[in-house]
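This one's a predicted model, so the numbers in the text were calculated from it and none came from an experiment. In what follows, chains carry the letters A, B, and so on, assigned in the order in which the sequence lines appear, proteins first and then strands, with residues in each chain numbered from 1.
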Protein chains: 2
Amino acid sequence: MYAYTAQSLKAELNERGWRMTPQRETILDAFQHLDEGKHLSAEDLHECLEQTGQGISLSTIYRTLKLMARMGILRELELAEGHKHYEINRPYPHHHHHLICVKCNKTLEFKNDTALKAGVRQAEKEGYHLLDCQLTIHAVCPSCQRSIVPI
Amino acid sequence: MYAYTAQSLKAELNERGWRMTPQRETILDAFQHLDEGKHLSAEDLHECLEQTGQGISLSTIYRTLKLMARMGILRELELAEGHKHYEINRPYPHHHHHLICVKCNKTLEFKNDTALKAGVRQAEKEGYHLLDCQLTIHAVCPSCQRSIVPI
DNA sequence: CCCTTAATGATAATTGATGCCGATAGTGTT
DNA sequence: AACACTATCGGCATCAATTATCATTAAGGG
Ligand SMILES: [Zn+2]
Ligand SMILES: [Zn+2]
Ligand SMILES: [Zn+2]
Ligand SMILES: [Zn+2]
């Protein structure tokens, strides 16, 4: 969980016999310039890059998101919309968690070092190499509690 | 997050103008008798009930799992296999979290009251009605760290 | 017991994600 | 700088998990 640059990503890829490509750099760059609190799905990213004239095929987007998540560069989030979202995996003290309303899908971010430390400690204890640690809260937000809409 | 019975489920459903059905009771019962550490997908549950002669259509299974998750009776888990898993949402001190190897999908359960409390406190602070709180750790297990298989 | 309508079951449709393959282009080497 | 090797790309076909549809059934309140 450290901050990646195009250079350090290339180094890590080459070390494993893999390659740096313009597409991978573009995608890393997109996430590095994404505002805190924003999360992109594969489709989101695809459209977003299309609009800035940096179009990348959807296949490559899916492949790269999965690759970067498994390298620990991106966090794979299961919010409440039926598909994965991604954000860059910033180290402490930027690390945060998510509070999700299951009715309206509104998502709040919050920080909690205790939970983070608990995750780090548990991974260490079991000898696991940590990639990401997220405290996810499913709940009903105040306005949805008042609404009469079923479930 | 309290322990449901067929009676209390019926009461809560009726209160919202919904109905208790044999299928819903069967599914609640299946999860209540599931060993700790077991997680079922919709397909798993479908086959499992089929074998004990309590067959329920897959449509109803999907509908009921989603309903119960949104009522807070079941926890919806995003493990590492591309489809959702469910388990009953037991209150403290049975409440637990998951440590997942992203390479082999092996999943360990562990308890951590600190993380649970942090989640409860955060939900309260924002005025959210808590349904579930899970600390999910994505990592690489010791044996997968030694393996040469790419990512 | 009856009426209203929520819920079921069977099937079709959707869709997020992956597999495939010929074409392209990084990387290490000569 | 040119080359060889092969990882990666783009476009498209495919898969599998989930959702939508709708006629039929049955729960629950009066
Ligand atoms: Zn976030
Ligand atoms: Zn809400
Ligand atoms: Zn569990
Ligand atoms: Zn593993």
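Across the protein-nucleic acid pair, B:Glu25 atom CD and C:dA6 atom C1' stand 18 Å apart, rounded to whole Å. In this structure, A:Ile56 atom CD1 and D:dG10 atom P are separated by 7 Å, rounded to whole Å. As a whole-Å value, the separation of B:Arg70 CZ from D:dT19 P is 8 Å. When the P atom of C:dA17 is taken as reference, atom CD of B:Glu81 falls 16 Å away, rounded to whole Å. In this structure, CD of B:Glu50 is placed 12 Å from C1' of C:dG9, rounded to the nearest angstrom. Computed from coordinates, the B:Leu67 CG to C:dA6 C1' distance equals 12 Å when rounded to whole Å. With rounding to whole Å, A:His46 atom NE2 is found 13 Å from D:dC12 atom C1'. In this entry the distance linking CG of B:Leu13 with P of D:dA26 reads 19 Å, nearest Å.
Direction change of the helix axis from one end of the helix from C:dC1-D:dG30 to C:dT30-D:dA1 to the other is 60°, with five pairs defining each end axis (rounded to 10°).
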For this session: Encode nucleotides 18-30 of chain C as B, S and - characters from 5' to 3', where the letter depends on protein heavy atoms closer than 4.0 Å: B to the base, S only to sugar-phosphate, - to neither.
Result: BBB----BBS---
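In the displayed structure, A:Lys111 atom NZ is contacted under 6.0 Å by more than 12 heavy atoms of other residues, nucleotides or ligands. More than 12 heavy atoms of other residues, nucleotides or ligands lie within 6.0 Å of CD in B:Gln32, so this atom counts as buried by the packing criterion.
Without hydrogens or angle criteria, B:Gln145 side chain to B:Val140 main chain gives a donor-acceptor distance under 3.5 Å. No side-chain donor-acceptor contact under 3.5 Å links A:Glu12 to the backbone of A:Tyr4.
Looking at heavy-atom distances under 4.0 Å, B:Gln23 makes contact with sugar-phosphate atoms alone, never a base.
Not a single side chain to side chain donor-acceptor pair (under 3.5 Å) links A:Glu78 to another residue, sequence neighbours left out.
A donor and an acceptor atom, one from each side chain of B:Gln134 and B:His97, are nowhere located under 3.5 Å apart. In summary, the side chains of A:His96 and A:Glu87 do present a donor paired with an acceptor at a separation below 3.5 Å, with no hydrogens or angles considered. For A:Thr52 and A:Gln54, the side-chain atoms include at least one donor-acceptor pair closer than 3.5 Å.
In terms of position on DNA chain D, the residue among A:Thr64 and B:Ala42 whose nearest nucleotide sits closer to the 5' end is A:Thr64.
Between B:His39 and B:His85, the angle of the ring planes goes over 60°, which puts this pair in the perpendicular group of the 30/60° scheme.
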